[in-house]
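Since this is a predicted model, take the numbers as computed values, not measurements. Sequence lines set the chain letters: A, B, ... in the order given, protein chains first and strands last, and positions in each chain run from 1. Below, each value reflects all heavy atoms present in this structure, side chains not excepted, and no hydrogens, waters or symmetry copies.
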Amino acid sequence: MNIFEEYIKKITDLIIKNQKSLNLDNLNDLKGIVVENPPVEFNFDLSCNAGLLLGKINRINPIELSNKIRDLILKELKDFEKVEIAGPGFLNLKLTSESLILNINKILKDKEYFGKKATNNNYNIEFVSANPTGPMHVGHCRGAIYGDVLANLLKFNGNKVTKEYYINDYGNQIKNFAKSVFLRIREIKYNEKFISNEDLYPGEYIKDIGKKIIELNKNEKFDDFDQSLTLLKKQSLKHSMELIKSDLKKLGIEHDIFFSETDLVEKKLVDKAINQLKKNNYVQEGFLEAPKGESDKTWKKTKRLIFKSTLFGDDTDRAMQKNDGTWTYFANDVGYHMDKVNRKYKYLINVLGADHTGYTKRITAAVSALSENKVKLNCKVCQLVKLYKNGKPFKMSKRAGDFISAQDLLNEVNKDSIRFMMLNRSNDVEIDFDFDKVLEKSKDNPVFYVQYAFARISSIFRTLKIDANEKINLDSNEFSLNENETKILRKIFEWPKIVETASSKYEPHKIPFYLYELATLFHSYWSKGNKNERFKFIDDGKIKKNETLAIIILVSIVIKRGMNILGVSLPDKM
RNA sequence: GCGCCCUUAGCUCAGUUGGAUAGAGCAUCGGUUUUCUAAACCGAGGGUCGUAGGUUCGAAUCCUUCAGGGCGCGCCA
């Protein structure tokens, strides 16, 4: 239930019914009618722009029209005790005690399902997909948490969600990775010096993997790289995926499917995808020009298969084959996405890091081509996480091996704070992640603030010896809310809308912002009791007003659900 | 040269898709604890919403111009 949508419908219906008496010739713009919360200082529950909007297209003075609508509302709908016109012609509406009670009781009944918008679509979210050449770094954490919470949101609204990880376990980088492990093994076993170059992975974790592989293959001499390659690839990959999975688990993230690029190639899915695209002439043989702005001497203008992604909004067509005729990374990814399309998801979402911005158009184009525009891939790019340490920017580079890994972070900061912090920002903007500040376990951290509000509520429940399931009888004859309770209730009414927007626009950051605001209102109310006995909730071990208890329970329901979507824990005591 | 993202208070950011006097946190200054948890609360100051135009009753929000910052621009993955 969304109170705003409910009244949009009621008011719109009322206007349609009374079109004649309102002198409205034109009802074209009815979809633009919104009901929302007015600015706090007006002290109303709802506001509506119907008069403004319809006045405009029917050339009627909006205030005049709003007055007529107001009379209608008061006469026909029994839900409001007061309706006023304000500003350029807004209708401000105040609900009666009866309708407030009705709405409160609905939420108390819905409990943790309050705010759920019943939809039933089939989503696939691909996220993290960090290269299996080493552990996750801090940047991956952001995409990981973003994808996970997005999945939680969509699931909460009744959708089916498959969380997927694409393992890039094919191609040169894996060979280089295996080579690095090989050289580290030689270093450990035969004391040969590990000399790094830009193709190799120098990180310490390579030694750990090397040690494990030595342990598992006591009879293996590791004399010849080519001979050991198959074994090294297989076992190194296994170990690095274990590292990644363990990091993910510590962050509270679990994927449903791990999809291997090697499997994809071996099952000839790439060939199938390309054949399918050939049928429509989306893939043809041709030549590509060298990229502009760079004079690349190594550019070889030779005939090869090319995907005409410009037909689907890309800036340039893309090569499917390398010089040696093998598939490009992109070609493999096209094969992978054909598989996703064939699995009949209604919506595909890819969560990518900022370094993949240039990639989104071509893969989106590929999905459009593969599905004949039936499936839309939505690529969400998470901007950089900029690390600061000792006041200086901290560079991350997997190759250099001096990156801050997810592990480093998790060793110092708890998962709750990491999750909340990574989400407390839109995915479109960079995050300044001050490592030192996080290490301080600073009290500025908003996650504590929300958790603390919940802990306080739990403390009230303990004192009253009840829980959030307590039955409450609200009597409209004596029903009255004080200023603080009204503010909180209005904020509670917003929750379904927040969930709706966060979920439909893929903007999970709206959840932590909302929870913070709700917590602020609660803390503020709580503290009133310090100054003035009148505002204390409890007297002699009993709740003073049932209304108060209802409001407190509503707050606890929403905070609990919200933090549950974020995957952040809520202690009863702090 | 091209593409994507960003530009709102001293700093870090929200801003319900075009609405009312643009909001939080941090920082600064000043207050609040015989308590249902002070990890909290209250108050004050702080703004040309990057620039210049356009669209209309109405723009931080939509369109265009320009400037600044970030990421990317393989036939690497």
J.: Counting only side-chain nitrogens and oxygens, does A/Y449 get under 4.0 Å of the OP1 or OP2 atom of B/C41?
T.: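 It does, given that an N or O in the side chain of A/Y449 lies less than 4.0 Å from OP1 or OP2 of B/C41.
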J.: Looking for any heavy atom pair under 4.0 Å, which part of the strands does A/L288 touch: base, sugar-phosphate only, or nothing?
T.: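 Here A/L288 touches the bases of the nucleic acid.
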J.: Checking only heavy atoms, does the side chain of A/R425 share a donor-acceptor pair with the base of B/C13 at less than 3.5 Å?
T.: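 Not at all, since no donor on one side and acceptor on the other fall under 3.5 Å apart.
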J.: Hey, is the side chain of A/S524 poking within less than 4.0 Å of OP1 or OP2 on B/C42, counting only N and O atoms?
T.: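 Affirmative; the distance criterion is met.
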J.: Using atom CZ of A/R534 as one end and atom P of B/U35 as the other, report the distance to the nearest whole Å.
T.: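 Between P of B/U35 and CZ of A/R534: 21 Å.
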J.: Using a cut-off of strictly less than 4.0 Å, decide whether A/H356 has a side-chain nitrogen or oxygen near OP1 or OP2 of B/C76.
T.: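 Checking A/H356 against B/C76: no side-chain N or O falls below 4.0 Å of OP1 or OP2.
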J.: Nearest of B/U35, B/G15, B/A20 to any side-chain atom of A/A86?
T.: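 When the side chain of A/A86 is considered, B/A20 is the closest of B/U35, B/G15, B/A20.
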J.: Counting just side-chain N and O atoms, does A/K510 come under 4.0 Å of either OP1 or OP2 of B/G15?
T.: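 Yes, within the criterion.
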J.: From the options B/G15, B/U35, B/A77, select the nucleotide whose nearest atom is closest to the side chain of A/H509.
T.: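 Per side-chain heavy atoms of A/H509, the pick is B/G15.
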J.: Is the distance from OP1 or OP2 of B/C57 to the nearest side-chain N or O of A/R59 less than 4.0 Å?
T.: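 False: A/R59 side-chain N/O out of range (4.0 Å or more) of B/C57 OP1/OP2.
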J.: If you measure from the P atom in B/C26 to the same atom in B/C62, how many Å do you get, rounded?
T.: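 That atom pair is separated by 30 Å.
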J.: Mind checking the P distance from B/U8 to B/G3? Whole angstroms is fine.
T.: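 Here B/U8 and B/G3 have their P atoms 24 Å from each other.
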J.: Which whole number of Å gives the distance between the C1' atom of B/G46 and that of B/G23?
T.: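 B/G46 and B/G23 have their C1' atoms separated by 13 Å.
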J.: From the options B/C13, B/C5, B/C36, select the nucleotide whose nearest atom is closest to the side chain of A/Q383.
T.: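 It is B/C5.
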J.: For RNA chain B, report each stem as range with range, ordered by first number, or say none. Use Watson-Crick or G-U wobble pairs under 3.5 Å, at least 3 in a row.
T.: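 RNA chain B stems, ordered by first number: B:1-7 with B:67-73, B:10-13 with B:23-26, B:28-32 with B:40-44, B:52-54 with B:62-64.
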J.: Which nucleotide, B/C13, B/A40, B/C75, lies nearest any side-chain atom of A/V429?
T.: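 Closest nucleotide to the A/V429 side chain: B/C13.
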J.: Starting the side chain at C-beta, find the nucleotide from B/C57, B/C36, B/A24 nearest to A/Y516.
T.: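 Looking only at heavy atoms from C-beta outward on A/Y516, the closest nucleotide is B/A24.
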J.: Assign A/P38 to base, sugar-phosphate, or nothing according to its heavy-atom contacts below 4.0 angstrom with the strands shown.
T.: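 Here A/P38 touches the bases of the nucleic acid.
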J.: B/A77, B/U12, B/C71: which one has an atom nearest the side-chain heavy atoms of A/T357?
T.: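 That would be B/C71.
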J.: Regarding B/A20, can its base be found pairing with the side chain of A/N92 as donor and acceptor, where the two atoms are less than 3.5 Å apart?
T.: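 Yes.
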J.: Determine the Euclidean distance between corresponding P atoms of B/C11 and B/G50; express it in Å to zero decimal places.
T.: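 These two P atoms come out 13 Å apart once rounded.
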J.: Out of the candidates A/Y452, A/F454, A/Y516, only one should pair with A/H523 under the ring pair (Phe, Tyr, Trp, His ring centres under 6.0 Å) rule; please name it.
T.: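 It is A/Y452; the other options fail the test.
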J.: Give a yes/no on whether any side-chain N or O of A/Y329 is located under 4.0 angstrom from OP1 or OP2 of B/A77.
T.: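 A/Y329 to B/A77 OP1/OP2: no side-chain N or O under 4.0 Å.
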J.: Figure out the OH/P separation between A/Y165 and B/A77, and round it to whole Å.
T.: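 Atom-to-atom, A/Y165 to B/A77, this comes out as 17 Å.
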J.: Name the closest nucleotide to the A/M574 side chain, picking from B/A39, B/A40, B/C71.
T.: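 The answer is B/A39.
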J.: Name the closest nucleotide to the A/F42 side chain, picking from B/G19, B/A20, B/C36.
T.: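 The listed nucleotide nearest to A/F42's side chain is B/A20.
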J.: Of the nucleotides B/G70, B/A77, B/A38, which one has an atom closest to the side chain of A/R456?
T.: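 The listed nucleotide nearest to A/R456's side chain is B/A38.
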J.: Could you tell me whether A/K361 contacts a base, only the sugar-phosphate backbone, or nothing, with contacts defined as non-hydrogen atoms closer than 4.0 Å?
T.: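 It contacts sugar-phosphate atoms only.
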J.: So, does the side chain of A/S47 form a donor-acceptor pair with the base of B/A20 at under 3.5 Å?
T.: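 Yes, a donor-acceptor pair under 3.5 Å.
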J.: Return the residues of residues 313-327 of chain A meeting this criterion: a heavy atom under 4.0 Å from some atom of RNA chain B. Order them by number, or give none.
T.: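 Correct list: A/D315, A/A319, A/Q321, A/K322, A/N323.
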